[in-house]
Amino acid sequence: YRYETDYKRYFDKTKFENIEMTDIKEDDITLFMLNKIRELKLCQKACKTLFWYISSVCLNALKNKVIVENPCLFLSANKFY
């Protein structure tokens, strides 16, 4: 249930949601994070949670050879708060 509500809160009906995994770049993640933080007025914990979701999906895609480079590699949650 928690993941469903978080998905709706953070990703549902966003442009980011519709970007193919193979097309996501570091800049896409940065812009999405900054926009969501502003839009939802996210606290530090929520920023960390949002970044964790994105980085976990990227890591999983890398492990499953969906992508060849992790776009989160040079990003960290503390960059956003």
Side-chain angles (χ1 to χ4, degrees):
Y1 178 76
R2 175 179 166 230
Y3 298 117
E4 287 179 29
T5 56
D6 281 351
Y7 183 86
K8 286 180 183 175
R9 179 179 184 203
Y10 297 130
F11 301 104
D12 197 35
K13 297 182 177 99
T14 64
K15 289 180 184 180
F16 189 78
E17 174 189 36
N18 296 312
I19 302 174
E20 289 292 324
M21 191 69 225
T22 54
D23 295 333
I24 293 177
K25 305 292 182 236
E26 182 179 330
D27 288 346
D28 298 319
I29 295 167
T30 300
L31 286 172
F32 176 73
M33 287 286 301
L34 293 173
N35 287 335
K36 276 296 163 182
I37 290 165
R38 271 189 228 110
E39 176 189 330
L40 301 175
K41 297 177 176 50
L42 299 180
C43 65
Q44 180 178 343
K45 184 178 180 207
C47 290
K48 283 182 171 182
T49 300
L50 177 56
F51 185 77
W52 178 82
Y53 284 132
I54 294 170
S55 61
S56 295
V57 168
C58 290
L59 187 59
N60 186 274
L62 187 64
K63 285 181 185 176
N64 289 299
K65 299 181 180 7
V66 174
I67 57 176
V68 293
E69 283 185 17
N70 185 345
C72 290
L73 185 62
F74 299 107
L75 295 175
S76 62
N78 63 2
K79 174 181 179 172
F80 300 106
Y81 54 83

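For residues 37-52, every residue pair satisfying the salt bridge (charged side-chain N to carboxylate O under 4.0 Å, His left out) rule, not counting sequence neighbours, is listed here: Lys36-Glu39.
With rounding to the nearest 0.5 Å, the separation of CD1 in Ile19 from CD1 in Ile29 is 9.0 Å. With values rounded to the nearest 0.5 angstrom, Thr49 atom OG1 is found 8.5 Å from Arg9 atom CZ. To the nearest 0.5 angstrom, Leu42 atom CG is 13.0 Å from Tyr81 atom OH. Atom CG in Leu31 sits 10.5 Å away from atom CD in Glu26 (nearest 0.5 Å). Residue Ile37 holds its CD1 atom at 10.5 Å from CD of Gln44, rounded to the nearest 0.5 Å. With rounding to the nearest 0.5 Å, the separation of CG in Asp27 from CG in Leu75 is 9.0 Å.
Contact annotation: the side chain of Tyr3 approaches that of Tyr53 to within less than 4.5 Å [non-hydrogen atoms, C-beta and beyond]. With contacts defined as side-chain heavy-atom distances shorter than 4.5 Å, the pair Met33/Ile54 qualifies. Contact of the Lys79 side chain with the Phe51 side chain is not registered, since no non-hydrogen atoms from C-beta on lie closer than 4.5 Å. Proximity of Cys72 to Leu59: side-chain heavy atoms (C-beta onward) are nowhere separated by under 4.5 Å.
Under the 4.5 Å side-chain heavy-atom criterion for grouping Ile, Leu, Val, Met, Phe, Trp and Tyr, Val66 is not connected to Leu73 through any hydrophobic cluster.
Shown here for Asn78 and Ser76, the closest heavy-atom pair between the two residues is OD1-OG, 2.5 Å. The two residues Thr22 and Lys25 come nearest to each other via the heavy atoms O-NZ, 3.8 Å. Across all non-hydrogen atoms, the minimal contact from Met21 to Ile67 is O-CG2, 3.6 Å.
Panel note: side chain Asn64, backbone Asn60; a donor-acceptor pair is recorded below 3.5 Å.
Scored by the ring pair (Phe, Tyr, Trp, His ring centres under 6.0 Å) test, Phe32 finds Phe11, Phe16 as partners (sequence neighbours excluded).
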